[in-house]
Amino acid sequence: LSLAGCRGSANEGGGGGGSAASPGITDTTITLGITTPLSGATAGPGTCTVAGAKAYFGAKNAEGGIKFGDGKTRKVEIKTYDDGYDPQKSLANFQQMVSDNVFAEGIGLGTPTNRAFREAAISQKVPQILVMTGDPLFSDQKQSPWQLGLVPIYQNEGEAFGKLVAASGGAHKVAILSQNDDYGKGYVQGFKDAIKGNSSITVVGEQTYEATDTSVDAQLTQLAATGADVFFNAMSITPLVIASLQKAQQIGWKPSWFLPSNTSSPTAILQPGGATAYPGVYTVAFAKAPQSPEFAKDEDVVKFLSDLKQYGNYSDTPAFPHCMWSYIAGATLEKAFGSMTDPTRDSFMKALRNIKGLEAPLMLKGTSVDTTKDGQPAISTVLVQKYNGKGYATSSTFG
Amino acid sequence: MATLSSSLRSRGARIALIAVVAIVLLAAPLFMPAIANLTLVRVGVYAVAVLGLNIVMGYAGQVNLGQIFFVGLGAYVTAYGVKQGWNILIVLIAACVIAGIVGLLVALAAARLGGLAIAMVTIALPIVGVPLAKRLDTFTGGSQGISAIFSTAPDWSGLFNDQWQYYIILVVAAAGFLLARALVRGKYGRAFAVVKDNEAVAASMGISPYWTKVLAFTIASVYGGASGFLYLAAVQYTSPETLSFGHSISLLAAMVIGGAGSIVGSLIGGAYYVFVPQFTNAIDPNFTTVSQGVILLAVLFLLPEGLVSLPRVLRRPTRRKPARAAPAGTPPSSAASPDPAPQNPAPASTERHDPS
Amino acid sequence: METFIQLTVDGLSTGSVYAALALAIVLVNQATGLINFAQGGMAVLSAYLAYAFLEAGLPLILALLVAVLASFGIGALVERFLIRRFERGDPDTAVVATIGLLTLVTGIVAVVWGYNNRQFPSLFPLTSVDILGAVVSLRSLATTLTILAIMGVLQLLFMKTKLGLALRAVADNPASSALSGLPVGRLLMVGWGLAAALGAIAGGLVGPQLTLTPGMLDGALVYALAAVILGGLDSPVGAVAAAWAIGVLENLVAVYIPLIGHDLKIAVPFVLIFVILVLRPQGLFGRKVVVRV
Amino acid sequence: MAARLSLNDVSLHFGGVRVLQDVSFEVEPGSIFGLVGPNGAGKTSLFNCISGHYKPSSGSITIDGTEVVGSAPSRLARLGLSRTFQHPALQLRATVLENVLLGGHLRLPGGPVSWALSLPHTTRAERAMRAEALELLERAGLGWAAHLPADELSHGLHKGIELWRALLSKPSLLLLDEPAAGLSHGEVEQLIETVRQVRAEQDITIVIVEHHMGLISALTDRVVVLDHGSKLMEGTAAQAQSDPRVIEAYIGKDAADDAA
Amino acid sequence: MTLLELDSVTASYGPVQVLDGVSLTVPEGGSVGILGANGAGKTTTLRAISGTVRTGGRIRFAGRDIRGRRPDQVAALGIAHVPEGRGTLAQLSVRENLLVGAYMRKDRKKISADIEYCLDLFPQLRERIGSRAAALSGGEQQMLAVGRAFMAKPKLLLLDEASLGLAPGTARSVYEAIRRLRVESGIAMLVVEQNANLAFTLVDTATVLETGRSVLTGTSAELKGMDEIRRAYLGG
Ligand SMILES: Nc1ncnc2c1ncn2[C@@H]1O[C@H](COP(=O)(O)OP(=O)(O)OP(=O)(O)O)[C@@H](O)[C@H]1O
Ligand SMILES: Nc1ncnc2c1ncn2[C@@H]1O[C@H](COP(=O)(O)OP(=O)(O)OP(=O)(O)O)[C@@H](O)[C@H]1O
Ligand SMILES: [Mg+2]
Ligand SMILES: [Mg+2]
């Protein structure tokens, strides 16, 4: 059946060892592919993801390009593909990217969509990097040799908050509301791990909601009845977070809140939600929030917003943090490009896994990119922050 | 379908054509680039799902918004079977049979209802299916999904993976299509059609509307399960997203776009399901929603009976009624009056007698 | 007990969101015999229009009003230039056409306004009042009352006015209605226009609660459809009653039957639909469609 | 085998509306039986009760001694009952031939699996059934229309197609609801001829609802006259036409003019 | 004075042409019959007038060319059509059907009186006034269709087998009522009727159609005298 041989190799997608250039890279350009939801329910964060990456590299290209470790200066081309959060489509997009000669895939958002082509990426030796999912699988080097996560795994965020509460020393009753998927589960797991063994902290109520729900009033009523003084709310849907903030105070339940990093925007969420009514609203973060008045004049933020407008075609102040994250991913990639010595995927992966202490633009003081820890994504340090009525301030004590 | 066969009157020509098509289908993957094969593989996956939907909806007229649930179920069963190391044929049979049994159970209840009520019961399948899949995480891997790989080309074949997948899908889909075609042509095709049209008439012909609906629904579920099996062959991964309600709606759109009540239309529908997102991505990934809406509406607007009606519309036959003998006893014709050509563009909207 | 009442009140307020959309679906169905999957999408567009007028400097109430009028026009035009083609054909094709419309409208909203969340102010304050020990915001209260009012108006329109009769006649059999001189085309446009205007009111009512996103009513659509079928396709009262029943029951079941919980509570309306429709195929308040052999 | 049909005190109500009230009669095997009466008398409803489309509120209906009240119409079809509808109920988009073939459903062997696999006995049966249906149509002078969509035929012909569809099932009991409605005089004559022929060739019991008194006189052995849901009288067609109550309730005073 | 004039009218359903030159005239206040075998094109001729089928040729009504107008525009000119088959709005009640029939009328006060008139004419309908049309018996539906056309107070009435499914006595009284209507209010009518004996009680002249053409026109008396006509339509 040697007939099959009459076609160029399909499964050997290139890459491999040697120093012949991998697909998608020339002496003047490198092509990155992003598959992410640009339509459907998750299109909000999805479009933001693309905008941030385009903003970063658009600005760099305008400056003439990025200097690579092999001495050449290249412009970065970004090809985007809409997967609508459908795993089957993200796989199709990946196959399309391979045929479109993309050097690496990355930054895309979504756990199932990234999982759907993880095996294909491995078998074709195509980098699938800085993916925006807190799924730890992508940062496990053994299982995912061609992958790397970008944002802290969900557990880390939950854990950070759990530690804060545990460290407060007081007795606390905690109510938990989480999204019914790995996102919510990860948060809750991290939180519970952190408070394990601490007898003064009890979880008095635990509820879930579906990402497609239009209301979580019932859960809040139920949790309010527990009389908890701490509310761990692992919720990724912006409108629901606003509605929750409003609802809880209406029914007279005013605990300390915890919110995840992606749904804690001061202007888009806390202000309309009336968050000042609560004794404290906490979140974890590693990136500066452009909506926060504190950073209004921050150099990074100003440049970011202008890049976003000019190159990312995104004129609003984003309600999602994903724009910032992908901007940071851009900086991380630049760093990796700068130290890759061959125009190959191998060399790129090596370079990418060798970044330490990079304080990328928009990152908060005290956080940095570190790709050298197996089992952890590029960013694994997070800071707990407390809402101060206008923006956030880093906080190391609870209460 | 009708147009194709009517233009191929002679038996010889038809056999020759079938042979050519078969050879092309068999040989094509050997010469095509991987991406083309992989795309066709996905077309096959959804063509089978659309075919099932077409049987229950296009032929038997029962609105089914839950077909994707059976695709998902088939995919999960397949993933589970593969993980357990079952023989792959057993896995295929299990995917079909389990989906069929669940479909049968649902149909036994749903077929008691009529019209839109069935639509609501079927809508519930994917909507409840997603949280259910998350709950049953020991089988399904929860919201992280589950990978299972069984469609890697074996060494003895000398084929690439994409080619091997193509042949798996070709075999299953071809069998599915041939069986469906035979079924909808004779006795059961007529039974489906009359149940769709008028249940009272169906019943008076000895065709139980209830059991016919159950039959059509069950067949659709079996096809859904088969499609799920193929999904796993193609994607090698499944998660609750696979059975999300939105995809069920897309399947419905694909069926109508391809051609409701047409076997070939199902294939076109599968192609539509796969190609349009790809195409709109190529136009501009930021505008996929708009462009998909435009394409869907444009196609429907031009071809309300689906893409399969294109040849018919292009040929647009003009004909006179076949002559019939004048009934006995009619008076002799007097001189005919001159007849000017008809030119009135007013729409031909005739009074339809709604069936009693 | 307090929790129980609060859950009930919460359910009513969630149910009102479904009801708003359900009423528009009932209206189109009564006036054209179609089920319009795009109803939610069109309401979203209307809400965005109101938002745009607001941004342009109109006061909120005026912005809403202009959006309602504009939506009437859009609805009428959509019927005339798009849906008309499918009205007499296969009903499945018509349904898919409305699905296409939903996609298109969502896409247009996304292109014009993007996927970023937008805050939409409410006509009514968020302050809350105490009813039987449960806390209700004035906003949900006002939403609920508005919906009740619309329901009453619709019921009167269909049952007591010449226009209503004409709309129903056309939906029943356009060809036959035309023989009595009913301007079928214009009536169909009016039907869609009214439904779109009603959708605009719905969008304005729920916009503040859901915050504007292109897909903000996608989730509610399924519930609204369920409410319409459960309540009876031809009954505004039924649609509202069913939407409330769904909202309340869902909450109670999720809380008091832990086995079902919040993840599977969505099964409740469908089980309800099944049980009730087996007994009453026309829905809770619907009139039975008479089909004679 | 021609069937014996008997009705015993059949009553039917819809809400408060009384449609049938204690109707009883007996139809001898092999006979042609007429059912006449004013509009709204309940003739069609009575047919619907016999064919299982309506369930009588009380009373019993037996076909060859088998109680059929409560049976689904599809089961009654299996007992050999076949009917036409007052308002033609054809599949308008299907061809005339397909419409007629529907009548042969129960005579075709095999379940869905055998048909999906195109097992030889199914294809053979299908071919034979097509030939038979075509021949029926040819004999009726409708051969030219066999492959036309049914909606391209005029109203009058639809009635004929329904008749052939019902006959293809080889029924032992045939119910015809106003078969002559919309036919011209000449066409009614043809219809009478056809029904006579059917009875001569097949072992069949026929019940006819008809307002065309000429046809009733020409064909029926016995008639029942219904009025307001109750049996007004039973007898031969001639007796019925001369019964003053029937003339009063149904035919009208100057009956003799155009009863022909 | 001619009220309605058809001159070489053709008509087609989609690609299929079925009328091939139909010419006839209805004088003001006149009553004209159309005879013909099944499928001759009688129904189609009426549809051509009310604009529900694609037509060619010339159709003039009250001095105006009406060919190509929409059905509701034709109806608005004062032409009421009792269609073949079920001419009712199935899910509307009997009363609502009658009200829809009066949709075009300006004299709203008289409508209830006319409903009473219809109900007197068809006492069966009075018993079912609140029922939906779909529940009625075949004959009752036919009565309702005729009643609905009456309610429009038309100038021209197109009757397509108005006696279809009516009991003999009822059919005669309906035709009697129609005849009275004609005498009292001068309505003109075009009548398709298979029961030629009935038809001839109503019409002055008739046109015979054969495969889509008008082949013969004559007065009732002339036609009754012709052998072929007698054999095909009258019997005996
Ligand atoms: N499904 C139903 N719902 C309500 N009323 C009904 C129903 N079926 C029949 N009826 C009523 O029962 C009565 C008898 O109807 P049926 O059709 O049996 O009369 P029929 O004798 O066949 O009259 P026709 O000669 O006019 O056809 C009618 O008044 C009709 O309105
Ligand atoms: N929708 C249609 N599409 C195509 N042909 C049609 C359609 N309706 C009617 N025809 C054809 O047009 C011709 C005239 O039909 P028409 O209904 O006018 O006849 P008719 O004289 O009224 O007959 P009948 O006495 O049976 O009612 C017939 O040959 C018929 O087959
Ligand atoms: Mg009857
Ligand atoms: Mg006719």
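Letters go in sequence order (proteins before strands), and every chain restarts at 1. Small disclaimer: the values here were computed from a predicted structure and weren't measured.
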Q: Taking all heavy atoms of D:H53 and all of B:A203, pick out the closest pair and write down the distance.
A: NE2-CB, 4.3 Å
Q: Sort by residue number and list every member of residues 117-128 of chain D having a non-hydrogen atom under 4.5 Å from chain B.
A: D:L117, D:S118, D:E126
Q: Taking the side chain as every heavy atom from C-beta outward, state whether D:Q91 and B:R190 have any pair of such atoms under 4.5 Å apart.
A: no
Q: Give me the atom names and distance for the closest heavy-atom approach of B:V201 to D:A89.
A: CG2-CB, 3.3 Å
Q: Taking all atoms of both residues into account, what is the closest heavy-atom pair of B:S204 and D:P73, and its distance?
A: N-CB, 4.4 Å
Q: Could I get the full list of salt bridge (charged side-chain N to carboxylate O under 4.0 Å, His left out) partners for D:K170, not counting sequence neighbours?
A: D:E132
Q: Which answer fits B:A180, side chain, backbone, both or neither, if we ask what part of it has an atom under 4.5 Å from a heavy atom of chain D?
A: neither
Q: For the CG atom of B:D197 and the CG atom of D:L90, what is their distance to the nearest 0.5 Å?
A: 9.5 Å
Q: Can you tell which part of D:R130 gets under 4.5 Å to a heavy atom of chain B, answering side chain, backbone, both or neither?
A: side chain
Q: Which residues from residues 95-109 of chain D are near chain B, with near meaning under 4.5 Å between non-hydrogen atoms?
A: D:E98, D:L101, D:L102, D:G103, D:H105, D:L106, D:L108, D:P109
Q: Shorter than 4.5 Å, heavy atoms on both sides: which option in D:A116, D:A72, D:A77 has the most such pairs with chain B?
A: D:A116
Q: Would you mind writing out the side-chain donor-acceptor pairs for residues 135-143 of chain D within the sub-3.5 Å range, not counting sequence neighbours?
A:
unit_1	atom_1	unit_2	atom_2	d
D:R139	NH2	D:E201	OE1	3.4

Q: Could you pull out the closest heavy-atom pair between B:L215 and D:P112, with the gap in Å?
A: CD1-CG, 3.7 Å
Q: Enter the distance from B:M205:CE to D:R83:CZ here, rounded to the nearest 0.5 Å.
A: 9.5 Å
